[in-house]
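Scroll down for the structure; my scribbles are underneath it.
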Amino acid sequence: MADTTDNTATGTAATSAPRKSSWKYIGPGIVVAATGVGAGDLVATLIAGSNFGYTLLWAAVIGCLVKISLAEAAGRWHLSTGRTLFEGWASLGRWTTWFFVVYVVIWGFVYGAAAMSSSALPLQALFPDVMDLKWWGIACGLVGLVFVWFNKYAVFEKVMTVLVGVMFVVTVYLAIRVTPNLGDAFAGLLPVLPDEKDSILNTLGLIGGVGGTITLAAYGYWVNAKGWTNTGWMKVMRLDNRVAYATTGIFVVSMLFVGAELLHSANVAIASGDKGLIQLSDILEDEYGTATAKFFLIGFFATSFTSLIGVWHGVSLMFADFVARYRSRGEAGGVEVASGEREKSWPFRAYLLWLTFPPIVLLFEGQPFRLIILYGVLGAAFLPFLAGTLMWLLNSARTPREWRNGALSNSMLAIAGLLFLVLCVKQVWDQPWSEFF
């Protein structure tokens, strides 16, 4: 079947003969899974397991299904229209541009420091006498900068795949090591809420926190960077996306097993945030010996560093697309992303520098109070924004008719939008606004 062109009201979308969905093509899904599951997600799951045992296992599974729908929608937009997600947002009005600009500037500044600190913690625990935490953090940021600066997507994907392999082996090993109660685990697949205060919000938080924020939007860009630019790759993309969140599900379920068996049964509490994983390392050393604790810290580093370099690459790619469209005032589609030119552009590298050097100040000075509040609010608002705009784009004439949302896609995106809206409102409500002004 020869290539054809489908003219739409807003542009053209190239189509080609469908590719068979094959494991040999898998790649962007591994990248989005590795980037989306950070140390914070693992801690949140551990705490859910320690507080509620296996009761919320079903919520972790639903969280993966919700994220599958969002990533699939982003990938489908890129492949069916030949246009990038930022082009789609720009077609909805200038408000999307302003939201994106404010978000990536503030979010990137604070996230850069958080990612560097998260990657530094396990290194300091593994090599306690080498240097201080902030210097480990700076080293991680600089290594991420140099790696992404000098390597294109193909090398980036290979390194991410290796690190995902490390994460997979470590988390599955721990899940087996704690000897999970499979009967209780299967019972946890029944949708039951814990009989405790704020159980609904805790459950929604677990569902919403399983793997990824802006990295879900970056998935479409990684699909293009892989060389997938038209609907001939649609089946491959969907398989790739399912693999991504099956992998995410294994990570999350494994850590919930650890929380349920190692912490819940012994009534042990750990701190929220990345330091909770250092506490878990100490507990593992007491229970299973030094080798298991160090093995876990290696997995902790792989988890944190994949999130760092994933954001360094994916969000920089999105920023480069934003600048390219803003400068040309025209359409710049997925073919440009696939060419690799975006990864060598000055906007890509400028945002890389923004993620790396300004946040170093926060490693020395501490995180400014007002900026952290804005970071939390913008972060909470991004997923409702993503779910809502994808529904809008994929139900309109901007998308060729055969690739528009069906009932299932619309239902999942609606559920995702409502879920993240509730979590966004809670995040805004919980901020200490009286101290902000």
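Applying the salt bridge (charged side-chain N to carboxylate O under 4.0 Å, His left out) rule to K294 yields no partners; only residues at least two apart in sequence or on another chain are considered. Applying the side chain to side chain donor-acceptor pair (under 3.5 Å) criterion to Y288, with sequence neighbours excluded, gives no partner residue. Contacts of N241 classified as side chain to side chain donor-acceptor pair (under 3.5 Å), with partners at least two apart in sequence or in another chain: none. In terms of the ring-ring contact (aromatic ring centres under 6.0 Å, His included) criterion, residue partners of W228 (sequence neighbours excluded) are, by chain and number, W233. Y153 is linked by a side chain to side chain donor-acceptor pair (under 3.5 Å) to E157, counting only residues two or more places apart in sequence or in another chain. Applying the salt bridge (charged side-chain N to carboxylate O under 4.0 Å, His left out) criterion to D282, with sequence neighbours excluded, gives no partner residue. Remark: D132 engages K134 in a salt bridge (charged side-chain N to carboxylate O under 4.0 Å, His left out) (not counting sequence neighbours). Among residues two or more places apart in sequence or in another chain, the side chain to side chain donor-acceptor pair (under 3.5 Å) test is passed with N51 by none. Applying the ring-ring contact (aromatic ring centres under 6.0 Å, His included) criterion to Y219, with sequence neighbours excluded, gives no partner residue. E343 meets the salt bridge (charged side-chain N to carboxylate O under 4.0 Å, His left out) test with no other residue; sequence neighbours excluded.
Side-chain contact check for L413 versus L70: some heavy-atom pair is nearer than 4.5 Å. V130 is listed as a side-chain neighbour of W136, based on a closest heavy-atom distance under 4.5 Å. Between M318 and Y351, every side-chain heavy-atom pair lies at or beyond the 4.5 Å cut-off. Considering only heavy atoms from C-beta on, S118 comes within 4.5 Å of F300 through its side chain. Looking at L383 and L419, their side chains never come closer than 4.5 Å, going by heavy atoms from C-beta outward. Contact of the T84 side chain with the E87 side chain is registered, since non-hydrogen atoms from C-beta on lie closer than 4.5 Å. For the pair V252 and D41, the minimum side-chain heavy-atom distance is 4.5 Å or more.
Sorted by first and then second residue, the salt bridge (charged side-chain N to carboxylate O under 4.0 Å, His left out) pairs with a member in residues 163-175 form an empty list; sequence neighbours excluded. Listed by first and then second residue, the ring pair (Phe, Tyr, Trp, His ring centres under 6.0 Å) pairs that reach into residues 248-273 are Y54-F257, sequence neighbours excluded.
Heavy atoms only, all atoms of each residue included: A34 and T306 are closest at O-OG1, 3.2 Å. Of all non-hydrogen atoms in V311 and T35, the two that sit nearest each other are N-CG2, 3.7 Å. Smallest separation of non-hydrogen atoms from A293 and S281: CB-O, 3.5 Å. Nearest heavy atoms, F382 versus A217: CZ-CB, 4.0 Å. Contact between G334 and N224 at its shortest, heavy atoms only, is CA-OD1, 3.2 Å. Residues S117 and L363 share a closest heavy-atom pair of OG-CD2, 3.2 Å.
Note that CG of L317 is 9.0 Å distant from CH2 of W222, once rounded to the nearest 0.5 Å. To the nearest 0.5 Å, the span separating CG on L42 from CG on L280 amounts to 10.0 Å. To the nearest 0.5 Å, atoms CD1 (I360) and CE (M116) are separated by 5.0 Å. Taking CD1 of I176 as the start and OG1 of T171 as the end, the distance is 9.5 Å to the nearest 0.5 Å. Between the OG1 atom in T161 and the CD1 atom in I30 there is a gap of 6.0 Å [rounded to 0.5 Å].
When each of F99, F385, W98 is paired with W89, the ring-ring contact (aromatic ring centres under 6.0 Å, His included) condition holds for F385 and for no other.
Using modelled atom types, one finds no donor on one side chain facing an acceptor on the other under 3.5 Å when comparing W403 with T81.
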> Should W354 and V104 be marked as a side chain to side chain contact (heavy atoms under 4.5 Å, CB included) after you check the CA-CA gap, both sets of side-chain angles, and the distance that decides it?
Replying inline: CA-CA 10 Å; W354 175 253; V104 295; over 6 Å; no
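Between F322 and F319, the ring center distance clears the sub-6.0 Å criterion.
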